[in-house]
Protein chains: 2
Amino acid sequence: MVQYSSFRVDTAFAALSDPTRRGVLEQLGRADASITDLAGKFHMTLTGMKKHVGVLQEAGFVTTQKVGRVRTCKLGPRGLEEEAAWISRYRQLWAARFDALDTVIEELKRKEKSDGRRKTRRA
Amino acid sequence: MVQYSSFRVDTAFAALSDPTRRGVLEQLGRADASITDLAGKFHMTLTGMKKHVGVLQEAGFVTTQKVGRVRTCKLGPRGLEEEAAWISRYRQLWAARFDALDTVIEELKRKEKSDGRRKTRRA
DNA sequence: TATATACGGAACCACATGGTTCAGTATTCA
DNA sequence: TGAATACTGAACCATGTGGTTCCGTATATA
């Protein structure tokens with residue numbers, strides 16, 4: 001029984017809301033990398049990148065391991081299951097909400113076409 | 001290749017990172033509501049709720065309409081398409097990254113199977 | 001008309017975020 | 001050994017966030 005805590009989803013979505021961090025995830029999807037590698041690739045200081053990696057690690061998206069003086073980052077065990085589940089569930093809700101209201105969807109289509117000249121709307 | 005604007009995804013994920021706002025979305029999935037309704041349901045001031053609704057509106061998840069003195073909120077035209085796309089794409093990346101590790105991929109397959117069949121999970 | 005309701009907006013607050021610099025420590029290598 | 005490398009951590013800064021209160025305005029209602 002998968003029970004996702006609100007806290008995890010919070011930190012996960014927060015982690016994903018930064019373009020640098022999404023970039024880091026994509027980068028690590030291609031190859032493992034050190035802090036220095038990532039800092040260089042995203043044009044910021046080591047300290048700055050370390051913070052981002054820390055956030056990703058906190059969210060469970062990244063694991064790191066230090067060998068010698070180099071800390072290597074790689075994708076962690078979480079594959080965004082819970083976030084995918086939340087979004088999927090919401091999309092069902094959303095679709096159901098719009099399915100039920102045919103008139104609204106029609107209204108919406110008309111609106112997108114005529115670009116907001118009509119204000120009269122029944123709901 | 002899907003081209004999604006980084007800005008939109010940023011604000012979308014940021015909007016979803018707050019549990020109150022996710023709650024509001026789920027609530028609006030069940031029924032439209034006024035600011036006062038939502039403020040009461042989530043135990044905060046009108047002004048506080050108005051800010052949350054503003055964030056959701058900015059992200060395109062919610063639309064509002066004022067009739068008389070009541071502003072009614074409803075789910076907007078965006079159904080998290082871009083966010084679902086990003087996550088789906090990342091999950092593929094992630095899975096490919098772990099292809100080498102047999103135990104993990106087995107775990108993934110088992111999970112995806114049960115995910116696809118039964119969506120019985122709650123928030 | 002008087003009053004209660006529902007919102008709008010400004011200002012404030014504590015704390016988080018996304019960066020930086022600076023001063024270390026631990027490793028590697030010539 | 002000594003110098004360069006790779007990171008760590010503290011401190012700082014500007015801005016953003018999630019709330020609040022206070023006051024104002026428009027609308028509904030008795």
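Residue numbers start from 1 in every chain, and the chains themselves are labelled A, B, ... in the order their sequence lines are given, proteins ahead of strands.
Near DNA chain D, defined here as any heavy-atom distance below 4.0 Å, the residues from residues 64-76 of chain A are A/Lys66, A/Arg69, A/Val70, A/Arg71, listed numerically.
No continuous path of ILVMFWY side-chain contacts below 4.5 Å connects B/Leu93 to A/Phe61, so the two sit in separate hydrophobic clusters.
Annotation for A/Glu58: atom CD does not count as buried by contact number, only 12 or fewer foreign heavy atoms lying within 6.0 Å.
The aromatic rings of B/Phe13 and B/Trp86 stand perpendicular to each other, their planes meeting at an angle above 60°, with 30° marking the opposite boundary.
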Q | Letter per nucleotide, 5' to 3', of nucleotides 9-20 of chain D [B base touched, S only sugar-phosphate touched, - untouched; heavy atoms, 4.0 Å] | A | BBB------SBB
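The side chain to side chain donor-acceptor pair (under 3.5 Å) test applied to A/Arg78 returns A/Glu83, not counting sequence neighbours. Under the rule for a side chain to side chain donor-acceptor pair (under 3.5 Å), the partners of B/Arg8 that lie at least two apart in sequence or sit in another chain are B/Glu82. With sequence neighbours left out, A/Gln57 forms a side chain to side chain donor-acceptor pair (under 3.5 Å) with A/Thr64.
In this structure, A/Asp10 atom CG and C/dA16 atom C1' are separated by 14 Å, rounded to whole Å.
Sequence neighbours left out, the pairs with a member in residues 39-56 of chain B that pass side-chain hydrogen bond (donor to acceptor under 3.5 Å, both in side chains) are B/Arg21-B/His52.
Note: A/Glu26 CD to A/Leu75 CG = 10.5 Å, rounded to the nearest 0.5 Å.
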